[in-house]
Amino acid sequence: MLRTVEEAMSRVIDYWGDLPSPMKEAIEQFRTQLGAAIDSVEFVRRALDREVPETEYGDGPP
């Protein structure tokens, strides 16, 4: 997904030409935040896909 978003953003930038510096900084910040969000989703997805062996709990402390 990130590649698709990056490609779309690059095409827009190419179409509009050179952007002012504040806009470039905002785009770079957005890319960084989007990448971090995608990494977080991937981390959670892998954790949820992992099988965890069940442990037997007794009736509690004696």
Side-chain angles (χ1 to χ4, degrees):
M1 179 179 164
L2 182 59
R3 173 171 278 160
T4 304
V5 172
E6 285 180 345
E7 288 173 6
M9 290 173 71
S10 293
R11 289 180 187 164
V12 168
I13 290 169
D14 290 343
Y15 178 76
W16 283 345
D18 197 26
L19 296 173
S21 191
M23 288 184 79
K24 287 181 183 178
E25 292 169 10
I27 289 170
E28 189 57 39
Q29 183 180 8
F30 174 76
R31 284 180 174 169
T32 302
Q33 291 172 347
L34 181 62
I38 290 171
D39 289 345
S40 296
V41 169
E42 280 297 310
F43 177 80
V44 171
R45 186 189 63 78
R46 283 193 304 261
L48 292 174
D49 286 346
R50 189 175 24 186
E51 288 190 33
V52 178
E54 291 189 31
T55 58
E56 291 187 28
Y57 296 102
D59 291 333

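Note that the coordinates shown come from a computational prediction; the quantities given were computed from them, not determined experimentally.
- The distance from atom CG of L34 to atom CG of D39, rounded to the nearest 0.5 Å, is 9.5 Å.
- Residues V41 and I38 do not share a hydrophobic cluster, clusters being chains of Ile/Leu/Val/Met/Phe/Trp/Tyr side chains in contact below 4.5 Å.
- Under the rule for a salt bridge (charged side-chain N to carboxylate O under 4.0 Å, His left out), the partners of R45 that lie at least two apart in sequence or sit in another chain are E42, D49.
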